Structure formats: C-alpha cells, structure tokens
Amino acid sequence: MEEESLIIIGAGPAGLTAALYAARANLSPLVITGNELGGQIAITSEVENYPGFDSILGPELADKMKAQAEKFGARFEYSSVTEVDFAHGSPFVVRTYIAERRAKAVIVATGASAKRLGIPGEEEFIGRGVSYCATCDGFFFKGKEALVVGGGDSALQESLFLTKYAERVRVVHRRESLRAGEFLKACVNENPKIEFVWETVIEEIRGDGAVQEVRVKNVRTGKAESLRADGVFVFIGHFPNTQLFAGQLAMDENSFIVTDRLMQTSVEGVFAAGEAQDPIYRQAVSSAGQGCQAAISAERWLATKGGA
Ligand code: NAP
C-alpha cells in the first residue's frame, strides 16, 4: 500500500492553504479534494473580504490557491474519502473510491455544507427552483421572482447577487432583525429590487414540475399566506462535514471536531482546520489561517514523533 507523509482531506481555503504550507515544507502533500475544489467559496459569488483582493470570484480564488500550492509540489486527487481508520495510530488509513492509502499524518479540512429547511417540497424541487447556490443557479432566474431564506451574511450577499438577474428578490426571515453585518445591510437597503418579509417562516414549497409558490406563516400573528416564487434560495447556515470521523475523533455536541491550539485532534498525528472544527469564525480567511497552522503543526509533529 502506498504511504504518504501527509494527506489533506478537503480542498476549501483550509485544505488549500494547508497544502501550500506543507508543500513549501517539502512534504509533497496529497490533497483529496472531495466534491468541490474550493469548498464553500466555489459556490460563493464575489469575495470582497479576502485580504489582498478588492473583489474576486470565489471559484477564481480557489483556482489561484490550488495553483500556488501545486507550484510548490502539492498533489491533487479529485476523489472523495469514503472511510478512514485513525484508531490504530500513525500511519493512518485513508480510503477513497479508487484507492487505499496510508499517511503518517492527516489534516482534516472537510468544511461545512448548507443546512436544509426540512419542509415539504424542498427535496422534490432541488434543481427545479430550490437552490443553495446563487452563483450556480442565479442565471436561470432572469426577470423572475426569487425568494431568499435567512437573515445572515450569506442571505444578504447572495440576494444582492441575485438582483443581477431576478426582477424581485424577497428575503424571508424568521425574526425582525438581521444577523448580517452592517456593510451588507446597508447595500441591501439601497437596492430597490430587494424586499423583506419579516418574522416569517416557509412551511411548504409548491409547484407543478418547478417551483411556483411557497406557503408562509407569520410567526407573530400566525397568519398564513402564499407567495409567488420561481426560485427559493436557502441560506440558513451550515453543518460540519464530519460524519466520516464519527467515533474516531472527539467532537462537540454539534459535531465540530475538537482541536487544541496546535490544531491537533484527539488523535495524535491527525490535525483539523477550517469549518469542520470552527463553529465561531467561519470566514475564508480564518479557515485559511487555520489551514496554515495545521500544516505547520503537522510538519513539526512529523519531524519529531511522526517520522520515526
Ligand atoms: P448564519 O450567520 O448562521 O445565518 C443563518 C441565518 O439563517 C440566520 O439569520 C438564521 O436566523 C437563519 N436560520 C437558521 N435556521 C433557520 C431555519 N431553520 N429557518 C429559517 N431561518 C433559519 O449563516 P451564514 O449567513 O451562512 O453565515 C455563516 C458565516 O459565514 C458567518 O460567520 C458569516 O459572517 C460568514 N459569511 C460572511 C460573509 C461576508 O462577510 N461577506 C458572507 C457570507 C458568509 P436567526 O438570525 O434568527 O438565527
């Protein structure tokens, strides 16, 4: 079986930055990308708060990070990890659909995925009006009526993006105040295409082949009504992609991997970075920073204990 020095699982900002630092430390890391190079930034429209870039498209930022890591010797495999065995210590076993490998050290950077509403019609209309990615699907709503769910930064940022195409964007939020930051709030307030539907939850998505309307309820008055919508874009937060490591790495009550200051998990030689272990900051730049920390820690660990 092939044995690697370091396998990085995931290729969002955390995994890609870990790859850059590990490559520059001559570890020739193998990155197993998972479904999406770039992770969540791959499905983000414009990134305007990554230092050094005034504004850059998410996928472009991911491509730049990958190219930079490759330049120094990182290797990429477009596959998904199906199973790991961390129980027997280093070298650790990492299986994908195509291969089984051993690695002296591992960095887990599997990120987080969009939460779903869990209401009738949601699953049924995914790809036919229900979306979790304005960048991917906004184009299909030219001149149409889009509805966004959520009151955080993602909901507002993606609403702004949707106004490039949609005739009107209605943001349905369950409270009467937004969680999003002041800058995005100001931009949204200035945009005449965006309207808010406050203190309201969606109870059902309906249509005939594609989304046509949603049933909503005002949580204060209890009043229910239908809103016309061609698209429903859901931005209600994320959950960590850590199911693969259940029972093998210590996690908190919300399934975030527990790490120490060195990004070390409960298993010596396995490190974690980014949103798989960060319930607090969840920014592209903080994930990148944690990827850097994990790579430096992994390198030091390999140089002392792990290389033995
Ligand atoms: P978030 O901050 O967790 O916001 C989720 C929103 O969805 C909240 O408004 C929440 O309502 C609502 N929500 C949650 N569950 C719901 C449900 N079941 N039904 C209806 N509404 C529900 O998530 P996010 O907006 O994806 O942001 C994640 C992180 O990324 C944050 O740290 C954010 O700052 C960051 N981010 C930053 C930027 C930027 O700086 N430009 C852009 C995107 C994301 P409540 O408010 O009532 O809880």
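The figures that follow rest on heavy atoms only: side chains count, while hydrogens, waters and symmetry mates do not. Note that this is a predicted model, so its numbers are computed, not measured. Counting starts at 1 for both ligands and their atoms, following the listed order.
Sorted by first then second residue, the side-chain hydrogen bond (donor to acceptor under 3.5 Å, both in side chains) pairs that include residues 176-188, not counting sequence neighbours, are R175-S177, E182-K185.
For ligand 1, the protein residues placed under 4.0 Å by at least one non-hydrogen atom are N49, L117, G150, G151, G152, D153, S154, Q157, H173, R174, R175, R179, L184, F235, I236, G237, H238, Y281, R282, Q283.
Side chains of S28 and R75: a donor on one and an acceptor on the other come within 3.5 Å. Remark: the W301 side chain and the E268 side chain contain an N/O donor-acceptor pair separated by less than 3.5 Å.
A salt bridge links E46 to K164: at least one charged side-chain nitrogen sits closer than 4.0 Å to a carboxylate oxygen.
Side-chain contacts under 4.5 Å among hydrophobic residues (ILVMFWY), followed directly or transitively, place F256 with no other residue at all.
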Please set out all donor-acceptor pairs under 3.5 angstrom arising from side-chain atoms of residues 201-209, sequence neighbours excluded.
from : atom 1 : to   : atom 2 : distance (Å)
E204 : OE1    : R206 : NE     : 3.4
R206 : NH1    : E213 : OE2    : 3.3

